[in-house]
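Single-structure report; data block below.
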Amino acid sequence: METQVLQVDPQRPDPQSIQSAADVLKQGGLVAFPTETVYGLGANAMDGDALSRIFVAKQRPTSDPIIAHIASVAQLTDLAVDVPDVAWDLADAFWPGPLTLILKRSPTVPDLIAEGRDTIAIRIPAHPITRAILTAAGLPIGAPSANRFTRPSATQASHVLEDLGGRIDMIIDGGNASIGLESTVLDLTSDPPRILRPGGLVIDRIRVVLPGVEFAPAYVQETEGHQSPGQMLKHYSPRATVLLFRGERRESTLERMALKAAELRDEDREVGALVTDEDAHALGEVAQIEQLGGEADAEEQARQLFAALRRLDERGVDTILVREPDRVGLGQALSDRLVRAAVGRVIEC
Ligand code: TXA
Ligand code: MG
């Protein structure tokens with residue numbers, strides 16, 4: 001299959017390109033497009049055959065359910081039933097934006113969107129291109145992140161092309177995703193409501209609307225049946241082995257990392273490191289580094305994370321050392337992605 005790539009201005013999306021994307025979706029095809037979080041791989045959420053193509057293209061197991069993207073809250077009750085009051089409050093506060101709500105699914109939605117469960121994940125994205133496509137298609141669009149299964153999510157069109165080129169109909173290239181991490185997934189069908197995935201919307205902001213929300217990160221080794229979708233330990237992983245260093249004291253953690261890098265180099269391994277600007281000096285001599293941004297600028301680190309992991313792969317390193325950021329604010333989501341990228345290889349310092 002040939003994958004058509006269309007350049008679209010994210011600020012003023014050209015209606016003709018948007019219409020071509022909407023047409024492909026209406027015909028059951030697959031289109032990758034930018035959202036404010038990461039690139040999504042879209043298909044008509046009401047068409048089981050179209051959804052099945054997503055799983056094939058991504059090589060993703062069908063036990064991992066898909067988020068339905070909608071253009072307005074009016075569509076919520078087309079997809080979900082028994083919508084609780086708090087869902088409307090959260091929608092008011094945070095949509096459009098990087099929040100996904102798990103609700104009870106309407107029987108009109110194909111089972112494949114969340115095989116084996118009676119729930120559905122829904123979000124209204126904020127990106128002008130996504131919104132234009134949703135409006136032009138007039139359909140809810142099911143879209144996981146546009147990467148091959150277990151790979152780092154795509155934050156640029158080139159990442160999508162690398163992972164899915166030749167496997168999907170179209171890529172809308174609208175530049176970089178502005179947040180760089182996926183949406184926060186909040187399950188409103190459990191009591192108390194639970195965060196299933198920390199993401200672009202920080203949990204403290206959700207607590208203002210929903211004080212009782214729980215967050216306990218879960219990392220499971222295999223897809224353990226249908227219990228823990230999306231909580232698999234291996235996820236967001238580059239080809240290189242990632243080692244995550246966790247320590248209260250910055251300088252001594254950096255020393256451990258530099259020692260490890262030297263040790264690996266003695267074994268003729270190519271070592272890379274993902275560092276904040278402040279940490280670059282400590283590892284620049286012993287590893288190929290990619291800088292994520294300033295220590296205090298978690299937003300910039302989030303924007304850079306997945307692209308930097310992919311760049312280190314391109315540079316041919318076989319091990320990547322990273323120091324875990326503080327697990328507060330956006331740091332919770334950064335840490336979550338890094339633990340999974342490291343497949344749980346966390347070194348306590
Ligand atoms: O920011 C995002 O959420 C991006 C953009 C494209 O919108 N999408 C995304 O999709 O990250 P994906 O498929 O890579 O991640 C969706 C997560 C997975 O962890 C999945 O298991 C979970 O949401 N999920 C989806 N439907 C669910 C459901 N019914 N119950 C529980 N978890 C669900
Ligand atoms: Mg994903």
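The model shown is predicted, which means the values in this text are computed figures rather than measured ones. Just so it is clear, the values below take in all heavy atoms, side chains as well, and ignore hydrogens, waters and symmetry mates. FYI, the numbering just counts along the sequence from 1. When a ligand or atom number is given, it counts from 1 through the structure's own listing order.
- With a 4.0 Å heavy-atom cut-off, ligand 1 is reached by no atom of Asp187.
- Contact annotation: for Leu196 versus ligand 1, heavy atoms closer than 4.0 Å belong to the side chain alone.
- Here the protein heavy atom with the shortest distance to atom 19 (O) of ligand 1 is Gly230 CA, 3.2 Å.
- Looking at Ser145, its side chain never comes within 3.5 Å of a backbone N or O of Asn147 through a donor-acceptor pair.
- Side-chain contact of Arg323 with Thr253: a donor-acceptor pair under 3.5 Å is absent, judged by distance alone.
- The closest non-hydrogen atom to atom 3 (O) of ligand 1, taken over Ser183, Gly200, Gly42, comes from Ser183.
- Heavy-atom proximity to Ile67, at under 4.0 Å, picks out these atoms of ligand 1: 3 (O), 8 (N), 9 (C), 10 (O), 16 (C).
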Please step through side-chain contact (heavy atoms from CB on, under 4.5 Å) for the pair Met232 and Val220, ending with a clear verdict. CA-CA 5 Å; Met232 270 168 63; Val220 301; 4.3 Å; yes
May I have the step-by-step check of salt bridge (Lys or Arg N to Asp or Glu O under 4.0 Å) for Glu348 and Arg246, ending in yes or no? CA-CA 5 Å; Glu348 307 275 351; Arg246 173 179 291 166; 3.5 Å; yes
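- Side-chain atoms of Asp336 and Gln332 include no donor-acceptor pair closer than 3.5 Å.
- Under 4.0 Å from ligand 1, not a single heavy atom of Arg105 appears.
- Under the 4.0 Å criterion applied to side-chain N and carboxylate O atoms, Asp313 and Arg151 are assigned as salt-bridge partners.
- At a heavy-atom cutoff of 4.0 Å, ligand 1 is contacted by no atom of Gln231, backbone or side chain.
- For the pair Arg123 and Glu182, the salt-bridge criterion is not met [side-chain N within less than 4.0 Å of a carboxylate O].
- Val185 CG2, 3.8 Å is the protein heavy atom nearest to atom 23 (O) of ligand 1.
- The CD atom of Gln156 sits 4.5 Å away from atom CG of Asn176, with the distance rounded to the nearest 0.5 Å.
- The single protein non-hydrogen atom nearest to atom 17 (C) of ligand 1 is Arg197 NH1, 3.7 Å, given as residue, atom name and distance.
- Closest protein heavy atom to atom 22 (C) of ligand 1: Pro65 O, 4.4 Å.
- Here Ile141 is tied into one hydrophobic group with Leu6, Val8, Ile18, Val24, Leu25, Val31, Phe33, Ile129, Ile133, Leu134, Leu139, Met170, Ile172, each link being a pair of ILVMFWY side chains closer than 4.5 Å.
- Counting only heavy atoms from C-beta outward, the side chains of Leu103 and Pro84 approach each other to under 4.5 Å.
- With no hydrogens or angles considered, no side-chain donor-acceptor pair links Glu36 and Ser178 at under 3.5 Å.
- Thr37 OG1, 3.5 Å is the protein heavy atom nearest to atom 5 (C) of ligand 1.
- A salt bridge links Lys260 with Glu263: at least one charged nitrogen is closer than 4.0 Å to a carboxylate oxygen.
- Distances below 4.0 Å separate heavy atoms of Thr119 from the following atoms of ligand 1: 28 (C), 29 (N), 30 (N).
- Protein atoms of type N/O/S that fall under 2.8 Å from the Mg ion (ligand 2) number 1 in this view.
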Assess the residue pair Arg197 and Thr100 against the criterion (side chain to side chain donor-acceptor pair (under 3.5 Å)); give the C-alpha distance rounded to whole Å, side-chain angles, the decisive distance to 0.1 Å, and a yes or no. CA-CA 9 Å; Arg197 177 177 73 182; Thr100 294; 5.1 Å; no
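- Taking every heavy atom of Gly40 and a limit of under 4.0 angstrom, the matching atoms of ligand 1 come to 6 (C).
- For a threshold of 3.5 Å applied to N or O pairs, the pair formed by His69 and ligand 1 contains at least one separation below that value.
- Residue, atom and distance of the protein heavy atom nearest to atom 21 (O) of ligand 1 are Asp64 OD1, 2.8 Å.
- Of all atoms in ligand 1, listed by their number and element, those nearer than 4.0 Å to a heavy atom of Ile102 are 27 (C), 28 (C), 30 (N), 31 (C), 32 (N), 33 (C).
- Between Thr150 and the options Arg340, His235, Lys234, a side chain to side chain contact (heavy atoms under 4.5 Å, CB included) holds for only Lys234.
- On a distance-only criterion, Arg60 and ligand 1 share at least one N/O pair closer than 3.5 Å.
- Closest to atom 14 (O) of ligand 1, if we only count protein heavy atoms, is Ser145 OG, 2.9 Å.
- Close approach of ligand 1 to Ala143 (heavy-atom distance below 4.0 Å) involves ligand atoms 6 (C), 8 (N), 10 (O).
- Tyr236 carries Arg337 over the face of its six-membered ring, with the cationic atom under 6.0 Å from the centre and within 45° of the normal.
- Checked against Asp163 for a side-chain hydrogen bond (donor to acceptor under 3.5 Å, both in side chains), the options Gln59, Arg148, Arg310, Lys58 give a single hit: Arg310.
- At under 3.5 Å, not a single nitrogen or oxygen of Lys58, backbone or side chain, sits near a nitrogen or oxygen of ligand 1.
- Note: no N/O pair closer than 3.5 Å links Glu182 and ligand 1 by distance alone.
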